[in-house]
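Notes follow once the structure below has been shown.
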Amino acid sequence: MDSIQTTIKTLLKTPTQIKSPSQAKQIHAQVIKNHSTFTSDLLSLYSKFNLLPESLTLFNTLQSPSIHAFKPLIKCYTSNSYFFESLKCFVTMRRMGIHPDHNVFPSVLKSCTNLMCFKFGESVHGSVIRFGLEFDVFTGNALLSMYSKLQRFSALQVFDESPERTAFDQSENVLHHSYKSYPEVSQNGRNPSALSHMSDQDRRNVPMQSVRKVFETMPEKDVVSYNTLILGYVQNNMCNEAMMMIREMGDAKLKPDAFTLSNFLPVVAEYMDVWKGKEIHGYGIRHGFERNGFVINGLIDVYANCNMVEDSYQLFCSLSERDCVSWCSMIAACVKNGLFDEGLSLFRQMLSENVKPVPISCSSIIPACAHLTTLPLGQQLHGYIIRHCFDDNMFISSSLVNMYAKCGNIKLAKCVFDGMKHHDLVSWTAMIMGCASHGYANDAIFLFKQMEMEDVRPNSVAFVAVLTACSHAGMVDEGLTFFNRMVTHYDIAPDFEHYACMADLLGRAGKLEDAFDLICSMPENKTASVWLPLLAACRVHKNVDLAEKVVMQISKLDSDNVGAYVLLSNIYSSVGRYKDAAKVRHILSKKMNKKEPACSWIRIGGKVHAFIAGDESHSNYDGIVNALDILFGQIDKEGYVVDH
DNA sequence: GTAGGGTTAG
């Protein structure tokens, strides 16, 4: 009997020899059989394999658990994402007067981070200092991670009032007495009045200044410390600082690992820096990270943002195992590059491989349905979203509002919008744009004003939406007021789209000279297409002189713009200047030879039918011509003069 | 002990 006891004891003291959960369970069976009492050691073993139910069963057999029993249970709760239970366990342990050690704090801090328990996290930090563990590298790294995530939320004041977090922040502060011992970190970024005078960039800097302070005080820093700080900088939009950290890492003789690469890749993607992307890709291959899913997914995103979606696809194919994120990255890569059909077919392929869509998959694929105006598929997805309770997700709801509006069902768009608990800038904009494109200008303007009243600051896109509404409804004064408000009140520089809307609005109202002057006042990025609505307006108002001036401007920017010449020729015809019209058509015919003809297409019963101007090759060409004749006949009957 | 993918644009 003694020899078995000794063997069990030896095994439990050298847990590296135990390689699987089933071996751990076999040892547990032997412990019970031999009436041994190695509960804490067994708990550590179960915790090593993240076996929560087994750990709990063991823990509950203990009358007065020691630190050695609490430690593995807290770790096990955290590893299994039971963060609230992890903190409750920690509080119980402290109430029993048990002192935590360096193994406990990383798990506890991670739980605080995930539950967004900022105040409680600070008091845990106080406790770390009180127990003299602030120089432990694992604990320090957990603190870095906690502050870089929680202070960001706190500084930007988007904390929600989750009941779990409030419970901890308000009541269970058994450690709160030590809160005062670390005032520098706790004060920064939490006081809204202190932040109100700051610029957005300064507000972003606040949390990272505190994190940097924690970093500087760490006597020992490892790759994880640098990676955590790099991620913090990236997530706080401080890209240069993130880059500097990679350099500092090199100075400290630490090599970037897969975490470093995947943490930094979003910066490369955002800046569309294809050369940096390739450099990182090469480094990844040389250092054996070419199979790391996080690195590959980051690179898929980089190449997609650089319009190199085929490279993204090659990487996607190189993955031996594709998880939900890799599918989603590739689908998003297609959708970003306008490959909507390919995105949808990947989505179907993902389902056929039994990878279940998560909320992010839905918000990536719905825009493809919106662009392709495939309402039935969009509705199927909406059904899935409701069945899986994803419908309280802002990203999904906004994309649904847009999808229904684009597919012509403004009522359902409004229904989704009204069903949302909160509205953010994007959801307001999607709804305003929906109303604008359906001709409900007053509703769009009302929604815009309501958004402003709810303290949601409109951005450039929201102004495009409301100006579109004004333009469609010919509301000149309102449009001018919004345009000026955007510049003077919100300090937003008008973009191409805003000028295009305004030129269209002024042109339709007959204020052609004003529209001309407005476009001339555009500081830069003038394109031919910003002039085209004005040219159309010149035609409606039969202003030949201005039309000629406009075409001159267009030809400077794009000498092959066929649309402009067609319009000019029509304008000449409409005022009886047929010779001029013929001249323009002659120039046009030369230009047309150089241009690829435009193509339109329609999908019927899963088959795509394409049409090119002058093309008579469709198998049902005669039938189509007959149908058109009937339609033109009906149009004539109703008194509408067809405008050729 | 550290990591990824998403919504709005005449």
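Lettering of chains follows the sequences in order, A, B, ..., and the numbering in each one begins at 1.
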Whole-Å distance separating the [atom1] atom of [X] from the [atom2] atom of [N]:
X      : N     : atom1 : atom2 : value
A/Y303 : B/dG5 : OH    : C1'   : 18 Å
A/F259 : B/dT2 : CZ    : P     : 8 Å
A/F289 : B/dT2 : CZ    : C1'   : 14 Å
A/L381 : B/dG6 : CG    : P     : 17 Å
A/L254 : B/dT2 : CG    : C1'   : 14 Å
A/N297 : B/dG4 : CG    : P     : 11 Å
A/L400 : B/dG6 : CG    : P     : 17 Å
A/W327 : B/dG5 : CH2   : P     : 19 Å

What is the nucleic acid contact for [X], judged by heavy atoms within less than 4.0 Å: base, sugar-phosphate only, or nothing?
X      : result
A/C324 : base
A/A332 : sugar-phosphate
A/V358 : base
A/M394 : base
A/V325 : base
A/P367 : sugar-phosphate
A/G293 : base
A/S471 : nothing

Any donor-acceptor N or O pair under 3.5 Å, side chains [X], [Y]:
X      : Y      : answer
A/K406 : A/N402 : yes
A/N263 : A/T260 : no
A/S145 : A/T228 : no
A/N103 : A/K75  : no
A/S363 : A/S399 : no

For [N], does the base pair up with any side-chain atom of [X] as donor and acceptor (N or O, under 3.5 Å, distance only)?
X      : N     : result
A/S329 : B/dG5 : no
A/S363 : B/dT7 : no
A/N263 : B/dG4 : no
A/D301 : B/dG4 : no

Cation-pi geometry met for A/K110 and A/F83 (6.0 Å, 45°): no
Lys/Arg N to Asp/Glu carboxylate O, A/D443 vs A/K414, below 4.0 Å: no
Below the 4.0 Å mark, does [N] have OP1 or OP2 next to a side-chain nitrogen or oxygen of [X]?
X      : N     : result
A/K336 : B/dG5 : no
A/N292 : B/dG4 : no
A/N402 : B/dT8 : yes
A/Q235 : B/dG4 : yes
A/K110 : B/dT2 : yes

Out of B/dG6, B/dT2, B/dG4, which has the shortest distance to the side chain of A/N393? B/dG6
Of the nucleotides B/dT2, B/dT7, B/dG5, which one has an atom closest to the side chain of A/S398? B/dT7
